[in-house]
Amino acid sequence: MTKIAMNVNGKAVSREVPDNTLLVEYIREHLRLTGTHVGCDTSQCGACVVHVDGKAMKSCTMLAAAAEGATVTTVEGLAASKDELHPMQIAFKDNHGLQCGFCTPGMIMSATDMVERYQAEGKELTEEAIRHELEGNICRCTGYHNIVKSIQDGASKMTNA
Amino acid sequence: MSEGIGARVLRKEDKRFLLGKGRYTDDIVEPNQAYAAFVRSPHAHATIKSIDSAAASAMEGVEGVLTGPELVADGIGNIICGWGVTSKDGTPMNMGAWSALATEKVRYVGDAVAIVVADSPAAAKLAAEAVVVDYDVLPVVVNSVDALEAGAPEIHENAPGNLIFDWEIGNQEPTEAALASAEHIVELDIVNNRLAPNPMEPRAAIATFNEAEDHYTLYTTSQNPHVARLVLSAFYNVAPEHKLRVIAPDVGGGFGSKIYIYPEEIACLWASMKTNRSVKWTSDRTEAFLTDAHGRDHVTTAKMGFDKNHKIVGLRVNTKANLGAYMSLFSSATPTYLYATLLSGQYNIENVYADVQGVYTNTVPVDAYRGAGRPEASYVMERMMETAARQLGVDPAELRAKNFVKEFPHQTPVIMAYDSGDFKANQDQAMKAADYKGFEKRRKEAAKRGKLRGIGFSNYIEACGIAPSAAVGSLGAGVGLWESAEVRVNPVGTIEILTGSHSHGQGHETTFAQLVSERLDLPTDNIQIVHGDTDKVQFGMGTYGSRSGAVGMSAISKALDKVEAKVKKIGAHVLEASEDDIVIEGGAVKVKGTDKQMLWHEVGLAAYTAHNIPEGMEPGLKESAFYDPSNFTFPAGCYICEVEVDPETGTTDIVQFVASDDFGTIINPMIVEGQVHGGLAQGIGQAMLEGVVYDDDGQQLSASYMDYTMPRADDLPMYKVMHQSTECPGNPLGMKGCGEAGAIGSPPAVINAITDAIGNNNLAMPATPSAVWAALQEVSAKTAAE
Ligand code: FES
Ligand code: FES
């Protein structure tokens, strides 16, 4: 057992957990933040994506211990309040970018990260780039059409926010 | 802005999912919860000599290790198949026993042998590994053709030769005669590849036995919680129905695979009683590949005859359907009544005959997966039509149009009576959107770039809105397939709709509210949809077979009729007017042509205070209805796929995909388009990427996302989705259903396009780059030889 502390969604947290606890288990089972999902066991689906120190990470591939002292944002920490969704969350709703909702948290966390990276580098986030960037996120419901549209719309909403 | 029928209302359910506040089964924690892990067979076929669980039971944190013989001794029943199919010779199907935990024999890799309950998931998994099972390994057979060979290993004693049924439909002799005298014959061997459904949320269950109340609660990833409760109680004897509550909370996709009541749910409920703990089990992805019912897996030969005017005179089809090691709930219906009844396609064919052999193999059970039988049928029909057009040297669109059913109702030789449609209208719309006329120019332009461009059609028809109870009963179904609904108007005028349908991505919380909004002219914000809990909703048959609109919403509509009738009576009484003059509009009950009105909440209050309602009227405002459809519904459409193949690598790019569908009335076009997109992705996945692979020992080689190619954003195009609808006469809303069409119609369009591009019709799904490349080599070898 190890005591692991980090900052999650703006709050300092600390839990005593078994050494081999994955970050996704720490988030889901110990902090009971269940918006982050587990969809596979081979690090392929992206349902578990969170931001660690500002970068999108698959939380199923990382030990909680590796995030000791880090700043973590999960999907629960993205919106300013329940009535003030993040522009990317609004874009997913406006463009019907979700159906069952299971892949959605990971999609949104990947999407915001991708937009921020492209904007920081001054690159254009084209449809092709979005599809390529979504390499690590699987959705079985939407056929991606509306996810791509959501991210395009989310990118412009984030720029204008 | 109207929120009624036809409006693109944004989804009411989205907010909780966007905020990470969805509540899926694995998100739920019960007090004193323990965790289950299953001991699974590593062999595809073996007898169990002994199970030694002593070491596992003694491990730290282990509550219990429970096995098949104990389960049987406690009277837990075998898993049932809900549809009896009768063979040609009149004998019932040969069904082998399926115990939730294997007793004497295991029949596929992943077959559950024991359940381990422990304090943590890790402790449960460790202990499961410590259970020692001694097996005697038996010979294995994994595909349906081999399983039917003489001398193949026998999987169930009471299914000699592994034959479950040998079933037929249609008119055999006239079909043979028509084929014998046909001017042209088209023949094709067709394999419909085996698929893993892969909803992104893995299956999960939490079972809680309450000793003091003698009561069970089961949270489960189900598309049909009431059916689960019925089967768990009536057939598996887990608990009587009134002592079992089944809740299917947010469910992360189903696609058919979450219809069935699997061994794990049964075992968790039973183990909860045995250990007096809440027992939670969550599948991991590999376990999902090994145990979720797979789809498709047909081996077919087909022969179609044409007269000299290119009219189809007959079609004969033989299909061997791999049903896996055990018969899952709808496994017998899927390759028979949901498949061969669609083998007339969109065409007027006098003579159709099909026979289907259902076969046991040492593989995971096969059952309905998005489309269930109809994708297999449309693949046969539309591959045949495209092949015929090529052989006859005619335009594939014209050949189809020449043979279209043009008058409705139309009785096919294979049971179905098509009630409506305009196949030419969908074809015209799709051809225009795809610029079919301009294709040859595009082909030439692509050739200049060194690319092979091809185009393929698929004119699918399917049967859904499942289904008229008496009709399916006469065909062997064990249940009726109606739906129920309850409309509760609260004293303050807000409304709850309790429905037996279950939404796991389809957006019912929005579309069902739109129907109520349309009827009562109230904002959807005042309407709440309640589903997925057997304690709240009286009964329901659940969501599958694109039935929630045509059947589920029709039930709501019927209940609304009753509410409206009562509201009008109350309005007439209070406003002192004739019932005939009462109208419901603008959130009020009004007397036509006057300014007299009661606001909607005043009606609710009047009904509940009952101070001033018509004499003899019961207080309250709550009505329920059961709706049994009069016929199947028949969505149909025309899909056109255009591809470019790189001859150097065999890589295929879908450069355009057009879908024109006839779904009848559309409640929310945004949601319908989303359903089509998702279906297309699964169909394109089947055509180009996906395929379950077993080796000869029955090991699944494709049991992870490293090995099974799920469609990703990069693999798929933007789709051009459009509608051209005729109203369905069979239900009050005129709806046909849209949930499966995309997956049903798209695979043949893709394969027709690729085979057109490469000039070789011999190409199986999935058309991976290496398969396409190999097919191209065949062409070059042939050209070189000539
Ligand atoms: S759960 Fe992390 S990638 Fe699938
Ligand atoms: S919305 Fe269901 S998996 Fe993406």
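All values below come from the heavy atoms of this structure, side chains included, with hydrogens, waters and symmetry mates left out. Convention: sequence-line order gives letters A, B, ...; per-chain numbering from 1.
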[X] versus [Y], closest heavy-atom pair with distance:
X	Y	answer
A/Cys40	B/Tyr705	CB-CD1, 3.6 Å
B/Met718	A/Val148	CE-CG1, 3.6 Å
B/Gly252	A/Phe102	CA-CB, 4.1 Å
A/Cys141	B/Phe255	SG-CZ, 3.8 Å
A/His96	B/Met670	CD2-O, 3.3 Å
B/Arg11	A/Gln99	NH2-O, 2.7 Å

Proximal component of [X], with respect to chain B [non-hydrogen, under 4.5 Å]:
X	answer
A/Asp94	both
A/Leu98	both
A/Ala79	side chain
A/His37	side chain
A/Leu78	neither
A/Thr42	both

Hey, is [atom1] on [X] packed in by over 12 heavy atoms from elsewhere, all under 6.0 Å?
X	atom1	answer
A/Glu124	CD	no
B/Lys15	NZ	yes
A/Glu16	CD	yes

Practice prompt. Take B/Asp27 and A/Arg28 through the test salt bridge (charged side-chain N to carboxylate O under 4.0 Å, His left out) and record every step on the way to the result.
Written response: CA-CA 8 Å; B/Asp27 300 342; A/Arg28 281 183 60 80; 2.7 Å; yes
Should A/Lys149 and B/Glu673 be marked as a salt bridge (charged side-chain N to carboxylate O under 4.0 Å, His left out) after you check the CA-CA gap, both sets of side-chain angles, and the distance that decides it? CA-CA 13 Å; A/Lys149 278 174 59 187; B/Glu673 286 157 16; over 6 Å; no
Do [X] and [Y] make a side-chain contact, defined as non-hydrogen atoms from C-beta onward lying under 4.5 Å apart?
X	Y	result
B/Val29	A/Arg32	yes
B/His677	A/Thr142	no
A/Arg131	B/Leu716	yes

Exercise. Contact part of B/Gln506 toward chain A, heavy-atom cut-off under 4.5 Å: side chain, backbone, both or neither?
Worked result: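 Neither; nothing under 4.5 Å.
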**Which atoms of B/Pro717 approach chain A - backbone, side chain, both or neither, heavy atom under 4.5 Å** =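 Interface part for B/Pro717: backbone (N, CA, C, O).
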Any salt bridge linking A/Glu29 with B/Lys280? Criterion: basic side-chain nitrogen under 4.0 Å from a carboxylate oxygen.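 B/Lys280 and A/Glu29: not salt-bridged.
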Query raised in the report: To the nearest 0.5 Å, how far apart are CD in A/Gln44 and CE in B/Met710?
Result: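 These two atoms lie 10.5 Å from each other.
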Q) To the nearest 0.5 Å, how far apart are CD in A/Glu135 and CG in B/Asp714? A)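 Reported value, rounded in 0.5 Å steps: 7.5 Å.
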I'd like to verify something: which residue of [options] has the highest number of heavy-atom pairs under 4.5 Å with chain A?
options	result
B/Gly742, B/Ser704, B/Pro711	B/Pro711
B/Asp250, B/Ile671, B/Val676	B/Ile671
B/Ile684, B/Val721, B/Thr286, B/Val251	B/Thr286
B/Ala122, B/Gly678, B/Pro199	B/Gly678

Using a 3.5 Å distance criterion without hydrogens, assess whether the side chain of B/Arg712 forms a donor-acceptor pair with backbone atoms of A/Asn137.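 Side chain of B/Arg712 to backbone of A/Asn137: no pair is present.
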Item to check | Short side-chain to backbone donor-acceptor contact, A/Tyr144 and B/Asp715, under 3.5 Å | outcome: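 No; judged by distance alone, with no hydrogens or angles, the pair does not exist.
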side-chain contact (heavy atoms from CB on, under 4.5 Å) between B/Arg285 and A/Val38, intermediate numbers included:
CA-CA 9 Å; B/Arg285 186 54 60 185; A/Val38 178; over 6 Å; no
inquiry  = Going by side chain to side chain contact (heavy atoms under 4.5 Å, CB included), B/Leu19 matches just one of A/Val75, A/Thr104, A/Leu85. Which one?
reply    =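 Looking at A/Val75, A/Thr104, A/Leu85, the match for B/Leu19 under the side chain to side chain contact (heavy atoms under 4.5 Å, CB included) is A/Leu85.
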For the candidates A/Glu133, A/Lys93, A/Glu76, which exhibits the highest count of non-hydrogen atom pairs separated by less than 4.5 Å from chain B?
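Between A/Glu133, A/Lys93, A/Glu76, the count favours A/Lys93.
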(Q) Let's test your reading of the structure: which of A/Gly35, A/Cys100, A/Gly101 forms the most heavy-atom pairs below 4.5 Å with chain B? (A)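 Sorted descending by pairs with chain B, the first entry is A/Cys100.
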